[in-house]
Amino acid sequence: MEQQAEDMAVAAEPGSAPTHPLDPCTGDELVQAVAILRDTGRLGEKAFFSAGYAAEPPKDLVLGFEPGSSWDRIVRLVGHDRERGQSFDARVSLTEGRVAAFTWIEDGQASVAADDYIAMLKILWRNEEWIAAVKKRGIEDLSLVHIEPWVAGAPHPDLPANARAMHAIAFLHADRADNYYARPLEGLSAHVDCDSGQVVIEDHGVLPMPTDPAEYAADRVDRLREGLKPIEITQPEGPSFEVEGNVVRWQKWQFRVSMQPTEGLVLHDIRYDDDGRDRPILYRAALSDMVVPYGDPSPMHGWKHAFDGGEAALGHAANSLVNGCDCLGEIHYFDNFVLQGNGEPRHVPNAICLHEEDFGILWKHTNVFTQHPKPEVRRSRRLVVSTIVTLGNYEYGFYWYFYLDGTIQVEIKLTGMVGVSVVENNADSDMAPIIAESIASPIHQHIFCFRLDFNLDGPNNSVYELEVEPLPPGADNPYGSAFRSVASRLGTESEAQREVNPARARHWRVVNDGVKNHLGKSVGYKLLPQGSSTMYAPEDSLHAQRGGFARHNLWVTPYAPDELDAAGGVFTNLHSGANGLAAYAAANRSVEDTDVVVWHTLGVTHVPRPEDWPVMPVEYAGFTLMPTGFFDRNPSLDVPPTKACHT
């Protein structure tokens, strides 16, 4: 049974020594930091690590950094001590060879690690009550039972208050290579304290096992369609981008790429070369966290509200991407290093993919009333920075797109396996629709919060809300058809807690009132949202208390170096919800003409359908950042036409 947790470690490779404060950790640096911490004797024999990465350097250090300069290299090590029943946060200075700070965490715990999963499996397969409940369902070969680890949100009342709590559900294999999600062990779950070994079993009754195998692997479906001819993406002269370390340069864009355990893909220092004028746009941009609340109140699902960033270390779940499968074209890959529980680094090759895509026409016009009526056409292309993570039953693809006209777009691709329940007589429900024979899937949400630290032509920025309103008929509106755009400046954190409103074309504009374009207007970028609901769970629910960021689509806060996390960061696991974005914004500070951070919450409310089974086609969510008065005119006028346009 412990096969489920077989070691997937890949040998660590050293990596290049860092030359800039924003360079990601190498494997050697992680080894060095762990050794320094262990030498202090602060950790017990049952302590393990859940994350290790370069600590976020001070912003003024980064902005003022000169190549070749030295700095204090700090590695953050996070983990849990089973003997003490408490998680720790350590900052190790590699420059000075010492532990610069060490804290035992009072609220929350380190993210769930492979060590917890292995501990949970060992505990359950030695628990007679669990084994009896499994056998009660007619299962004799226990090796065919797959146990799915879930974050608990809060410990069961019968477990210790400081429990290293996990909530386990189970599925049944017909054979070791099949889709076990097709056979849930309905009604059975276990609450496990991975520290003490205590278990609370919940058994709500046995239901018949579904019989449809619901296979989706290429070698297991009945037949594969024919007629799909190959598509080849070639760039005979090579790609148009350049990569130096973790710095990317492409068509006037420049930025830095890295991975972080909670946030996954992180971009730093996004800037644009505007005809020789180096213009910063974003200092830092990344997913901060996400939550997946379920709407089915049944005992198998009602408790679920997974924070896949802070609880499950989303960045550690990055796939090793494959050209022709995950990405297509002329690819550059970035690797990552993940700190394992035993303190050894694991090398993850191809964790981030960088490539170019053709994207249709960029702009076109045919002027038939001139002596040159030939169409002027420019093709669009975009630079794609992407990573894909697998977290239990779901996959999330995170894509950052950079365009030739100065636009930045974020797209999330959701796929994988929906959560399921067994139902008798194909009983349908508006909270858990039937999607297959004897299988229902609960309605749920995927709510993402992106943290956008703007540096738009400098640090002093403001945020305006714009929406369109119709005007009443009158002398100034003789046709009754007039409408106008109205801008309102968001002055404080409470004023800046806003929701989307597609009916009024509501969007938000970040501006620098100290920098004007050639029309005398403040330069800006607008955040164009998609229609997206906020969390449905009420504010007094555990889900909403822990996921306060999901209450609003927009938040704006003044920059503070320790306010990086929408929830509890690397200690979101079993966190009360006392910290995070809602707590930051409660101070109601001014957000006018200052170093602002824009937090955008968006997502998908998923009402499952039969077409989502047995594997879910990609569903999309995202937003766009568009220059609005940032440039004096269309910045893509200088894009050359393709040869085909001039033949």
Side-chain angles (χ1 to χ4, degrees), residues 37-38 40-52 76-91 99 101-124 126-127 129-130 147 149-169 189-202 261-262 289 291 303-313 316 339 341-343 541-548 565 567-580 583:
L37 176 57
R38 281 183 168 155
T40 66
R42 286 187 170 98
L43 302 182
E45 292 183 2
K46 294 185 178 181
F48 61 92
F49 296 93
S50 64
R76 188 178 187 185
L77 299 177
V78 173
H80 186 79
D81 192 322
R82 292 212 190 282
E83 212 164 14
R84 186 183 176 102
Q86 204 166 9
S87 295
F88 62 86
D89 186 2
R91 311 297 173 101
V99 176
F102 185 92
T103 306
W104 291 106
I105 302 304
E106 299 295 336
D107 186 7
Q109 294 184 12
S111 54
V112 172
D115 297 63
D116 296 304
Y117 186 26
I118 294 169
M120 185 191 74
L121 291 175
K122 290 179 178 179
I123 291 166
L124 282 182
R126 293 169 185 161
N127 185 276
E129 187 180 358
W130 170 262
I147 298 176
W150 269 80
V151 287
H156 188 278
D158 293 337
L159 292 179
N162 70 333
R164 182 74 173 164
M166 294 189 70
H167 199 156
I169 57 179
S189 66
H191 302 264
V192 181
D193 179 359
C194 295
D195 284 354
S196 69
Q198 291 179 251
V199 179
V200 177
I201 304 296
E202 291 186 1
T262 301
D289 211 329
V291 63
W303 47 274
K304 292 180 178 177
H305 60 292
F307 292 81
D308 286 331
E311 289 179 329
H316 285 181
L339 187 62
N342 62 4
S541 67
L542 180 63
H543 301 43
Q545 288 173 1
R546 302 184 69 233
D565 306 309
V570 287
F571 299 105
T572 300
N573 185 33
L574 300 167
H575 192 279
S576 68
N579 293 328

Does the side chain of Ile147 reach to within under 4.5 Å of the side chain of Met120, using non-hydrogen atoms? yes
Tightest non-hydrogen contact, residues Val151 and Trp303, listed as O-CZ3, 3.7 Å
Which heavy atom in Arg546 sits nearest to a heavy atom in Ala567, and how many Å separate them? O-CB, 4.2 Å
Considering non-hydrogen atoms only, spot the tightest contact between Ala583 and Ala578 and give its length. CB-O, 3.3 Å
List for me each residue that meets ring-ring contact (aromatic ring centres under 6.0 Å, His included) alongside His543, sequence neighbours excluded, and say none if there are none. His305
Could you walk me through whether Ile169 and Trp150 pass side-chain contact (heavy atoms from CB on, under 4.5 Å), step by step? CA-CA 8 Å; Ile169 57 179; Trp150 269 80; 3.5 Å; yes
Holding to side-chain contact (heavy atoms from CB on, under 4.5 Å), I want the full list of residues that pass it with Thr40, two or more places apart in sequence or in another chain. Leu37, Arg42, Val99
Contact between Pro149 and Asp116 at the side-chain level, heavy atoms closer than 4.5 Å - yes or no? no
Between Asp89 and Arg76, the two heavy atoms sitting closest are OD2-NH2, 2.8 Å
For residues Pro160 and Gln198, report the shortest heavy-atom separation together with the two atoms involved. CG-OE1, 3.2 Å
Checking Ala154 now: which residues fulfil side-chain contact (heavy atoms from CB on, under 4.5 Å) with it, not counting sequence neighbours? Leu542
Any residue meeting ring-ring contact (aromatic ring centres under 6.0 Å, His included) with His191, in chain and number order, not counting sequence neighbours: His156, His167
Could you point out which residue of Asp115, Asn573, Asp195 forms a side-chain contact (heavy atoms from CB on, under 4.5 Å) with His80? Asp195
Met166 side, atom CE; Leu121 side, atom CG - distance, nearest 0.5 Å: 9.0 Å
Do Thr572 and Thr262 have side chains that approach each other closer than 4.5 Å (heavy atoms only, starting at C-beta)? no
Please output the side-chain donor-acceptor pairs of residues 101-110 that fall under 3.5 Å, not counting sequence neighbours, one pair per line with the distance.
unit_1	atom_1	unit_2	atom_2	d
Glu106	OE2	Gln86	NE2	3.3
Asp107	OD1	Ser576	N	3.1
Asp107	OD1	Ser576	OG	3.4
Asp107	OD2	Ser576	OG	2.6
Gln109	OE1	Arg164	NH1	3.1
Gln109	NE2	Asn162	O	3.4
Gln109	NE2	Ala163	O	2.9

Do the non-hydrogen side-chain atoms of Asp289 and Asp565 ever get within less than 4.5 Å of each other? no
Would you mind writing out the side-chain donor-acceptor pairs for residues 43-51 within the sub-3.5 Å range, not counting sequence neighbours?
unit_1	atom_1	unit_2	atom_2	d
Ser50	OG	Val78	O	3.4

